[in-house]
Structure formats: C-alpha cells, structure tokens
Amino acid sequence: YPTWKRTLTRRAREAQMKRFCKAQAIQRRLEEIEVTFRELEQQGIKLEKLLRDEDGSPADQKTQWMNQLLYLVQKKNSLMSEESDLMIAVQELKLEEQQWQLDQKLRCYMNREESLKTPEDRAAEQEILVQLLEVVNKRNVLIHIQEEKRLSEL
C-alpha cells in the first residue's frame, strides 16, 4: 500500500472527523439558542403584562420596562441572525460531505485504465462530474449568501 494512499486516507478521515465535530458543535449551539429563545419569550411576556396591567405605575417604571422589552427584542434578533448563520454552516457541511463522497467515487473511475472502462463506466463518470459541479455551485451560492449577509450587517 503506497505511502501517498495511506496519507490520503488518513487526511480524509481527519477531515471527516473535523466535519463531524463541527456539526456537533453547531447542533449544541442551536439547542442553546432554542433554550435562550424560550427564556427571552417568557421574559417578554412578563414585561408585556406589566406594561398592560400597570396603569398606575410611574412613567419612569414604564420607560424602564419598555427599554427592557426593546433589549429583549434586540437580543432575539441577534440570536436569529446567529441561528441563520449556523443553518448555513450546516448546509455547507452537508455539501462538503457530499462533495467528498462524489470525489471518492470519481477517483475510483479515474484510477481505472481507460481501455478497461465500459460505456457505462464513462457515463457514470460523467454523471458524477455533473453532480460534483452541482455541489460546488451550491456551495458557491452559500458563500455568496454569507458574503451578502456580512456586507449588509456592516
């Protein structure tokens, strides 16, 4: 077994583990965001009730509650933006994995001797190339979405 094949196999496993760890971290953060959403929602409900029910409260108290409510909305919007970024990252990881799998299939076909390939092999190779191109284009679209979002936030 040539050294370069072992190296490629090891690097592929490392990349796959890296994607897996990143996916787990994203999943944990999405769960944390969901919990925080619920907490913010409960706090918002309490503040809204206070604002509606307390007609005799001083104006300063109402202003303070309104400011707290606006802060909660701002925090929720920030979390929604982060959640959106994480969902894009999840899509990117899926496409990376898909690209890796297609790349492996394509390597199998390309490593075969040209004279030994059947017409079905050539057709399958072309189909994999088309699929690989689609995946690369989808990843490119995600990168453009991220870039547009980053520029709009600036």
Side-chain angles (χ1 to χ4, degrees), residues 3-111 124-154:
T3 304
W4 64 271
K5 281 189 179 183
R6 282 194 305 262
T7 302
L8 281 178
T9 305
R10 181 177 42 83
R11 286 187 182 161
R13 276 195 315 266
E14 288 171 358
Q16 198 168 20
M17 282 304 296
K18 190 175 179 181
R19 284 192 299 273
F20 179 73
C21 291
K22 190 174 179 182
Q24 282 184 321
I26 289 171
Q27 185 62 39
R28 274 193 304 277
R29 182 61 187 141
L30 285 171
E31 289 168 2
E32 290 170 4
I33 288 173
E34 189 176 323
V35 168
T36 308
F37 271 150
R38 279 190 240 125
E39 291 170 358
L40 291 175
E41 184 125 353
Q42 293 302 314
Q43 292 173 5
I45 290 170
K46 288 177 187 175
L47 284 171
E48 280 186 46
K49 283 182 182 178
L50 287 172
L51 282 168
R52 289 185 182 160
D53 295 341
E54 298 296 322
D55 290 332
S57 297
D60 289 347
Q61 185 67 42
K62 286 185 178 181
T63 304
Q64 185 180 2
W65 289 336
M66 189 60 96
N67 286 338
Q68 287 176 347
L69 191 60
L70 290 173
Y71 172 75
L72 291 178
V73 169
Q74 193 177 37
K75 196 169 182 178
K76 185 176 178 182
N77 286 341
S78 170
L79 286 173
M80 287 177 72
S81 176
E82 184 182 355
E83 183 182 41
S84 170
D85 290 342
L86 290 173
M87 295 308 287
I88 289 172
V90 165
Q91 281 296 102
E92 198 170 343
L93 283 174
K94 285 180 182 177
L95 290 173
E96 261 183 55
E97 181 66 25
Q98 195 176 356
Q99 183 178 348
W100 180 79
Q101 290 173 354
L102 289 170
D103 195 43
Q104 294 303 309
K105 288 180 185 177
L106 187 61
R107 284 178 192 270
C108 288
Y109 283 111
M110 293 182 101
N111 285 338
E125 187 176 343
Q126 284 301 314
E127 179 61 31
I128 290 171
L129 274 172
V130 168
Q131 290 174 357
L132 195 55
L133 209 70
E134 288 174 9
V135 169
V136 169
N137 286 334
K138 287 178 185 177
R139 287 184 70 189
N140 192 34
V141 167
L142 285 179
I143 289 169
H144 281 296
I145 289 171
Q146 285 177 321
E147 185 64 22
E148 286 176 10
K149 186 174 182 196
R150 185 187 66 80
L151 290 175
S152 70
E153 288 174 355
L154 292 176

### Task
State, to 0.1 Å, how close Leu79 and Thr36 come at their nearest heavy-atom pair, and which atoms those are.
CD1-CG2, 3.4 Å

### Query
Closest approach of Glu92 and Leu142, non-hydrogen atoms and distance?
N-CD1, 3.6 Å

### Message
Can you confirm whether Leu30 sits close enough to Met87 that some side-chain heavy atom of one is under 4.5 Å from a side-chain heavy atom of the other?
### Response
yes

### Query
Under a 4.5 Å cut-off applied to non-hydrogen side-chain atoms, are Glu31 and Val35 in contact?
no

### Task
Show your reasoning for whether side chain to side chain contact (heavy atoms under 4.5 Å, CB included) applies to Glu83 and Arg29.
CA-CA 9 Å; Glu83 183 182 41; Arg29 182 61 187 141; over 6 Å; no

### Spatial distance of atom CD (Gln68) from atom CG (Leu50) [nearest 0.5 Å]
9.0 Å

### Message
So which atom in Ile26 and which in Ala89 form the shortest heavy-atom distance, rounded to 0.1 Å?
### Response
CD1-CB, 3.6 Å

### Task
Report yes or no: does Thr9 contribute a side-chain atom to a donor-acceptor pair with the main-chain N or O of Lys5 at less than 3.5 Å?
yes

### Query
Passes salt bridge (Lys or Arg N to Asp or Glu O under 4.0 Å), Glu41 versus Arg38? Steps please.
CA-CA 5 Å; Glu41 184 125 353; Arg38 279 190 240 125; over 6 Å; no

### Query
Could you give the distance from CD1 (Ile128) to CG (Leu132), rounded to the nearest 0.5 Å?
9.0 Å

### From CG (Leu106) to CD (Gln126), nearest 0.5 Å
9.0 Å

### Query
Is Gln146 close to Asp85 at the side-chain level, that is, under 4.5 Å between some pair of heavy atoms?
no

### Query
Do the side chains of Asn67 and Gln64 get nearer than 4.5 Å, heavy atoms only?
no

### Task
Decide salt bridge (Lys or Arg N to Asp or Glu O under 4.0 Å) for Glu14 and Arg11; before the verdict, give the C-alpha distance in whole Å, the side-chain angles of both, and the deciding distance to 0.1 Å.
CA-CA 5 Å; Glu14 288 171 358; Arg11 286 187 182 161; 5.8 Å; no

#### Entry: Leu40 CG to Lys75 NZ distance, which is reported to the nearest 0.5 Å
6.0 Å

### Query
Between the side chain of Ser81 and the main-chain N/O of Asn77, is any donor-acceptor distance below 3.5 Å?
no

### Message
Assess the residue pair Met66 and Leu51 against the criterion (side chain to side chain contact (heavy atoms under 4.5 Å, CB included)); give the C-alpha distance rounded to whole Å, side-chain angles, the decisive distance to 0.1 Å, and a yes or no.
### Response
CA-CA 8 Å; Met66 189 60 96; Leu51 282 168; 4.2 Å; yes

### Task
Flag yes if more than 12 heavy atoms outside Gln74 fall under 6.0 Å of its CD atom; otherwise flag no.
no

### Message
Between Asn140 and His144, does the side chain to side chain contact (heavy atoms under 4.5 Å, CB included) criterion hold? Intermediate values first, please.
### Response
CA-CA 6 Å; Asn140 192 34; His144 281 296; 3.5 Å; yes

### Summary
Here the gap from Glu96 atom CD to Arg139 atom CZ, rounded to the nearest 0.5 Å, amounts to 4.5 Å

### Query
Are more than 12 heavy atoms from other residues, nucleotides or ligands located less than 6.0 Å from atom NZ of Lys49?
no

#### Entry: Side chains of Trp100 and Glu97 in contact at under 4.5 Å (non-hydrogen atoms)
yes

### Message
Are the side chains of Gln16 and Arg19 in contact, using a 4.5 Å heavy-atom criterion?
### Response
yes

### Message
Please report the interatomic distance CG(Leu93) to CD1(Ile88), rounded to the nearest 0.5 Å.
### Response
12.5 Å

### Task
Let me see the working for Glu127 and Gln131 under side chain to side chain contact (heavy atoms under 4.5 Å, CB included), right down to the final yes or no.
CA-CA 6 Å; Glu127 179 61 31; Gln131 290 174 357; 3.4 Å; yes

